[in-house]
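Structure, as structure tokens:
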Amino acid sequence: MNVSTSTLSLTVADVDASRDFLCTHLGYEVAMADDGFASLTRKDAAVDIVLLRKGTEVLPAEQRDREAGGLILALTVTGLDAEETRLRAAGAPITMPLREEPWGERLFQMTDPNGVVVQLVEWAAPDHREDRDQEPAAHVVTPSSEDVTVSSNATMTGLASPGRGSAELRTWTVRMEAGATGPEHSISREQVWTVTAGVLEVTCDGRTQEVSAGQTLILPADRTRRIHAHEQAEAHVSMRSDGVASVPGTEGSRELPWAR
């Protein structure tokens, strides 16, 4: 068998939305298009993509109602950091922040309007990985003013993260003034809150409890929560590096700025 080219055919609800996403953010060009159909290509080794509208009679009857949501389109690129910076500045929906796996794979993910996950990947050069293996086993993180985020209800100071020496976790401190209440939200990963000063009132899935200095609260993933401080309070928070936040009643998710 001799393969001359490769094409990925995706059945989606809104062909125009996926076409615009791929052309705007990933440099694809329209080779052919018609109502409910678009054929996209790039001038490099990227796989060609055909978009078909769900329900189209071009497909066999048993395939017409299938959708490509949840599929991962992985593209290996060079200059991954620059691509992540470019796409974030362009407002692309980055749904998994840049991370590096222990085996040398560096990647981040976006999700298009039809739920198709696009993953950009770059492999760490062998000499880079060898240099990394020779680095000190322990890292000391000293936060600076650039690591501090002040919101209307709290002050967050970023500590460990993949950009600051940690391979798997993100940690930060939270300080809330008396009477402050955070927004109702959920996080895609489990969080561990250790209160270091004062008392925090935490409502999770409708249940409210107080957590005092010296106590640790474990908040499960994807549970709606709200945090209130009756008095000035501080806490140390940790979670996996790929956790993102969602707000009830709004679409999509976002990375926590202080946890980058």
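What you see is a predicted model; the values in this text were computed from it and never measured.
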Is a salt bridge present between [X] and [Y], judged by a nitrogen-to-oxygen distance below 4.0 Å?
X	Y	answer
Arg106	Asp81	yes
Asp205	Arg207	no
Glu101	Arg99	yes

Atom pair [atom1]/[atom2] of [X] and [Y] - distance to nearest 0.5 Å:
X	Y	atom1	atom2	result
Asp14	Arg19	CG	CZ	9.0 Å
Glu122	Glu84	CD	CD	12.0 Å
Arg175	Thr157	CZ	OG1	9.5 Å
Leu22	Leu51	CG	CG	6.5 Å

Between side-chain atoms of residues 191-203 and protein atoms elsewhere (two or more places apart, or another chain), which donor-acceptor pairs fall under 3.5 Å?
residue : atom : partner : partner atom : Å
Gln191  : OE1  : Trp193  : NE1          : 3.0
Gln191  : OE1  : Arg225  : NH1          : 3.0
Thr194  : OG1  : Thr216  : OG1          : 2.9
Thr196  : OG1  : Glu234  : O            : 3.4
Glu201  : OE1  : His230  : NE2          : 2.9
Thr203  : OG1  : Thr208  : OG1          : 2.7

Taking the side chain as every heavy atom from C-beta outward, state whether [X] and [Y] have any pair of such atoms under 4.5 Å apart.
X	Y	value
Leu256	Val244	no
Glu29	Cys23	no
Val12	Leu52	no
Val148	Thr155	yes
Ile227	Met176	yes
Leu71	Leu8	yes
Thr7	Ile49	no
Val247	Pro183	no

Partner residues of His185 under the ring-ring contact (aromatic ring centres under 6.0 Å, His included) criterion, sequence neighbours left out: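 Per chain and number, His185 pairs via ring-ring contact (aromatic ring centres under 6.0 Å, His included) with no residue.
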Sequence neighbours left out, what passes ring-ring contact (aromatic ring centres under 6.0 Å, His included) with His236? Give chain and number order.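 His236: no ring-ring contact (aromatic ring centres under 6.0 Å, His included) contacts found.
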State yes or no: do [X] and [Y] share one hydrophobic cluster built from I, L, V, M, F, W and Y residues joined by side-chain heavy-atom distances below 4.5 Å, directly or via other members?
X	Y	result
Ile218	Val237	no
Leu98	Val77	yes
Leu169	Met156	no

Taking it one step at a time, do Ile94 and Gln109 satisfy side-chain contact (heavy atoms from CB on, under 4.5 Å)? CA-CA 6 Å; Ile94 295 177; Gln109 292 182 350; over 6 Å; no
Give a yes or no answer on whether the side chain of [X] reaches the backbone of [Y] with a donor-acceptor pair at less than 3.5 Å.
X	Y	result
Gln119	Leu107	no
Arg189	Asp242	no
Arg170	Met239	no
Asp147	Ser144	yes

Working for salt bridge (Lys or Arg N to Asp or Glu O under 4.0 Å), residues Arg53 and Asp35: CA-CA 9 Å; Arg53 180 187 298 152; Asp35 183 40; 2.8 Å; yes
Where at least one partner belongs to residues 13-63, residue pairs that pass ring pair (Phe, Tyr, Trp, His ring centres under 6.0 Å), sequence neighbours excluded: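 Checked against ring pair (Phe, Tyr, Trp, His ring centres under 6.0 Å) - neighbours excluded - the pairs reaching residues 13-63 are Phe21-His25.
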Would you name the heavy atoms of Glu184 and Pro248 that are closest together and state the gap between them?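 Of all heavy-atom pairs spanning Glu184 and Pro248, the closest is O-CD, 3.5 Å.
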Might you point out which heavy atoms bring Met110 and Ala92 nearest each other, and give the distance in Å?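 Heavy-atom minimum between the residues: SD-CB, 3.8 Å.
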Asn114 versus Ser18, side-chain donor and acceptor atoms under 3.5 Å: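 Yes.
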Under 3.5 Å, is there a donor-acceptor pair linking the side chains of Thr224 and Ser186?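 No donor-acceptor contact under 3.5 Å links the two side chains.
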Neighbour count above 12 (heavy atom, 6.0 Å) for Gln209 CD: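 Result for CD/Gln209: enclosed.
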Neighbour count >12 (heavy atoms, 6.0 Å) for atom CZ, Arg86: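 Correct, the count exceeds 12.
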Compile the donor-acceptor pairs under 3.5 Å between side chains in residues 38-47 and protein atoms, sequence neighbours left out, one pair per line.
residue : atom : partner : partner atom : Å
Thr41   : OG1  : Asp48   : OD1          : 2.8
Arg42   : NE   : Asp44   : OD1          : 3.1
Arg42   : NE   : Asp44   : OD2          : 3.1
Arg42   : NH1  : Leu26   : O            : 2.6
Arg42   : NH2  : Asp44   : OD2          : 2.4
Asp44   : OD1  : Ala46   : N            : 3.1

side-chain contact (heavy atoms from CB on, under 4.5 Å) between Ser188 and Asp222, worked out: CA-CA 5 Å; Ser188 63; Asp222 298 319; 4.1 Å; yes
Hey, could you give me each pair passing side-chain hydrogen bond (donor to acceptor under 3.5 Å, both in side chains) that has a residue in residues 244-253? Not counting sequence neighbours.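 Non-adjacent pairs meeting side-chain hydrogen bond (donor to acceptor under 3.5 Å, both in side chains): zero.
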Please lay out, stage by stage, how Leu80 and Phe108 fare under the test side-chain contact (heavy atoms from CB on, under 4.5 Å). CA-CA 9 Å; Leu80 185 68; Phe108 67 91; 3.5 Å; yes
Is there a side-chain contact (heavy atoms from CB on, under 4.5 Å) between Arg223 and Cys204 once you walk through the steps? CA-CA 7 Å; Arg223 302 290 181 85; Cys204 181; 3.7 Å; yes
